[in-house]
Number of protein chains: 2
Amino acid sequence: MYLLIFILEMKGEQYTLKDLAKALNLSVSTVSRALRNHPDVNEATKKKVQQFAEEVEFQKNPIASGLRKHKTNAIGVIVPEIANYFFSQVIDGIQTIAYQAGYNVLICVSDESLEKEQAITKHLVNSRVDGLLVALSVETNHYEHFDFVNRKNVPLILIDRVTDQVPASTITTNNYEASFEAVEYLIHQGHRQIAHIAGPKGQTITRQRLQGYLDALKKHAIDIQEQLIESGGYTQEGGEACAKSFWTLGEKPEAIFAVNDRAAIGAMRFFKSVGVAIPDQMSIIGFNNNPMGEIIEPNLSTIVQPQFEMGASAAQLVLEQINQEEYTHQHLTLPSKLAIRKSTL
Amino acid sequence: MYLLIFILEMKGEQYTLKDLAKALNLSVSTVSRALRNHPDVNEATKKKVQQFAEEVEFQKNPIASGLRKHKTNAIGVIVPEIANYFFSQVIDGIQTIAYQAGYNVLICVSDESLEKEQAITKHLVNSRVDGLLVALSVETNHYEHFDFVNRKNVPLILIDRVTDQVPASTITTNNYEASFEAVEYLIHQGHRQIAHIAGPKGQTITRQRLQGYLDALKKHAIDIQEQLIESGGYTQEGGEACAKSFWTLGEKPEAIFAVNDRAAIGAMRFFKSVGVAIPDQMSIIGFNNNPMGEIIEPNLSTIVQPQFEMGASAAQLVLEQINQEEYTHQHLTLPSKLAIRKSTL
DNA sequence: AACGTTACCGAAAACGTTTGCAAAGAATAT
DNA sequence: ATATTCTTTGCAAACGTTTTCGGTAACGTT
């Protein structure tokens, strides 16, 4: 037995159940059961096995186990980009929960490309992930690749960048209400000419945040002006362009609600470059609580979302679904809230 | 055969080699070989098999394959934090290369904690990753957990946050030279009282960047003043505290070289808060090219590092080592360069 | 006609678990 | 005393590949 240990340690290899069984004079099956605390095995032998396994630092081979149990103990994650504060926080949340539960996380980046998203989705399913978490790319406008996921019976959760076009659970924040609140805040501050830098067309987020904007105006009987709504993508450049365009208008806006902080920051940069004072001449509210908002001057008012919790909830949910034979799709909405800083008056 | 297809599709299951073999009236081994383009199999049958596999979208089970080949086709990555521009870029680079090579990436976060780093290291090795990429946590001051990695013969690459205390390949940037260049730049601009916000004690990065600072001063015959060197961690708060401390000095610095952008930004915020003009009264240079540097005003001069390439090179290297029986540790140093913006005069 | 090569293929044994089933022994009930 | 159950264990068959070791057929060489 100790010779065995010695040899294996020298080879840098792992013990197997067989090794333990041989050393303990038991069968492989009892050792296996003992280690998993199966009720069928005697307490005394259980203790003996577990103790010995501990002692020699036995680690069962998850590959073999996975093969037999048809599970990999891994969940796949697809995000549009990773060098992005929002998504990296989400990933952090996913990672934390998954790690605690003994699951590994396979992270992939779609790079905002539908084609890559499709390829990666297939790849992950073929890698036999036990569950899949996805934030859709901007390009994604059809969804057959997720049919594939469903056909293979792997639980799918959409995070933040969601759609109702695919049967799946979703984790989002209350985009509509938060937007409504932000715009209403601007109205309460006395603004009437309020513009909106919208997100990419077709996105659920874009639609919901726009709707919040529209309904807030409507509630306060403010006319909706088409030229005050412009789509700028999710980027700083987009925000900059929208701001520029707004500034050519005859009746210029006094306030802007942007679909996210990057766009808001782009707008701020434009206004600064042309000498428009923020917040005196122009109030701006973003969305996301990007740390850049606390660096830029004046500090950006924004809507703070619980990114980490979104990831954590998504992970939690997918783990539940993995362990259930049957489950129904859930749609969680987490609260986000307005944080007024210095870019609004 | 088509009944088979039908049944499997209905069950949402995967084909196996056995299924293909049966359908094609061949043995499992030939099918396996055909799919892997083994020379031992006739071109005609090879074509037939491959075509059929394509047709029914056969995907071999990587778990089974992994079990047999003692490989998982996965590499582990440990970073101190993920919601961090530098590391998320590195991860992006790793991810890109690994994905191309058909490898999965398991990302874990040590949260700057030695304890977590140890636990994760063990976990990943026990998950049988084929290789491991690590950026050390700040707390890491002993390294036994990596002996474990080496004993199990899994290739280990240290990225950026490295040490010479563990036998492993490393990927870094030319910290010393870049720091030297930055400080020399400040000297050329006429500054003599140059302070350094250093990194956490014990870190290789801290040591190298400090040495660059020291040697630049030495070269230009400028006395080194202990009170102009202070360790501030890698954080904004740390930078802020150091700046504050420098500002209490009788002979105040005219310029600061900071170990990274976060610290530099912290310093800038302090100086702004007390009305010290940047760059007129105080020049500042950071390190990392954090996008915040282009948001803060004045825009931060910094040293730009090829983060993505660092990740990519690390991935490339570990893949090479995975596929070699014997390999020697390599130490790659990638170039980084000074980017002068508006925070220096 | 006997032998050696070569090209192709299959049987079967791995890889290290998990699990259904049987079996043996102990304990309880009849 | 036998019959029944319960507890504890082991056997062996999976899981889906890869790979070793032959084996067969066809061909060319003596």
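Numbered from 1 within each chain, the chains take letters A, B, ... in sequence-line order.
Between the side chain of T30(B) and the base of dC8(C), no donor-acceptor pair under 3.5 Å is found. With hydrogens and angles left out, the side chain of R68(B) and the base of dT18(D) share a donor-acceptor pair within 3.5 Å. With hydrogens and angles ignored, a donor-acceptor pair under 3.5 angstrom links the side chain of R33(B) to the base of dG10(C).
Distance CD1/I94(A) to CG/L319(A): 10.5 Å, rounded to 0.5 Å. Expressed to the nearest 0.5 Å, how far CG of L35(B) lies from CG of L20(B) amounts to 6.5 Å.
For the 3.5 Å distance criterion, the side chains of S27(B) and S29(B) qualify, holding a donor opposite an acceptor.
Rounded to an integer number of Å, the gap from CZ of F58(B) to C1' of dT17(D) is 9 Å. Distance, L35(A) CG to dT19(C) C1': 15 Å, rounded to whole Å. Rounded to whole angstrom, the span from the NE2 atom of H38(B) across to the P atom of dC21(D) amounts to 13 Å. As a whole-Å value, the separation of K69(B) NZ from dG16(C) C1' is 17 Å. Separating the NZ atom of K22(A) from the C1' atom of dG10(D) is a distance of 16 Å, rounded to the nearest angstrom. To the nearest angstrom, C1' of dT9(D) lies 17 Å from CG of L20(A). For the pair Q59(B) CD and dG16(D) P, the interatomic distance rounds to 15 Å; values are reported in whole Å. In this structure, CZ of R128(B) is placed 14 Å from P of dC15(C), rounded to the nearest angstrom.
Within the 4.5 Å cutoff, no side-chain heavy atoms of D160(B) are placed close to those of V90(B).
Using a 4.0 Å cut-off, no side-chain N or O of S29(B) falls inside it from OP1 or OP2 of dA12(C). The phosphate of dT17(C) (OP1 or OP2) has no side-chain N or O of K18(A) nearer than 4.0 angstrom. Side-chain nitrogen and oxygen atoms of S65(B) include at least one within less than 4.0 Å of the OP1 or OP2 phosphate oxygen of dT18(D). The phosphate of dT17(C) (OP1 or OP2) has no side-chain N or O of S32(A) nearer than 4.0 angstrom. Considering only side-chain N and O atoms, N61(A) lies nowhere under 4.0 angstrom from the phosphate OP1 or OP2 of dT17(C). Regarding contacts with the backbone of dT8(D), every side-chain N or O of K46(A) stays at 4.0 angstrom or more from both OP1 and OP2. The phosphate of dC9(C) (OP1 or OP2) has a side-chain N or O of T45(B) nearer than 4.0 angstrom.
Ion pair K122(B)/E117(B) not flagged as a salt bridge, since none of the NZ, NE, NH1 or NH2 atoms sits closer than 4.0 Å to an Asp/Glu carboxylate oxygen.
In terms of the side chain to side chain contact (heavy atoms under 4.5 Å, CB included) criterion, residue partners of V79(B) (sequence neighbours excluded) are, by chain and number, V77(B), F87(B), I91(B).
Across dT18(C), dT17(D), dG10(D), the shortest atom-to-atom separation from the side chain of S27(A) is found for dG10(D). Among the nucleotides dT17(C), dT19(C), dT9(D), the one closest to the side chain of R36(A) is dT19(C).
With a 6.0 Å radius and a threshold of 12 heavy atoms from other residues, nucleotides or ligands, E320(A) has its CD atom above the threshold. For E54(B), the CD atom counts as loosely surrounded, since its 6.0 Å shell holds 12 or fewer non-hydrogen atoms of other residues, nucleotides or ligands.
Each end of the helix from dA1(C)-dT30(D) to dT30(C)-dA1(D) gets its own axis, taken as the rotation carrying the C1' atoms of four end pairs onto the next four within a five-pair window, and the two axes meet at 60° to the nearest 10 degrees.
Where A64(B) and D40(B) each meet DNA chain C at their nearest nucleotide, the meeting point lying more 5' is that of D40(B).
Residue contacts shown for N42(A) are limited to sugar-phosphate atoms, with no base heavy atom under 4.0 Å away. I63(A) comes within 4.0 angstrom of nothing in the nucleic acid, heavy atoms only.
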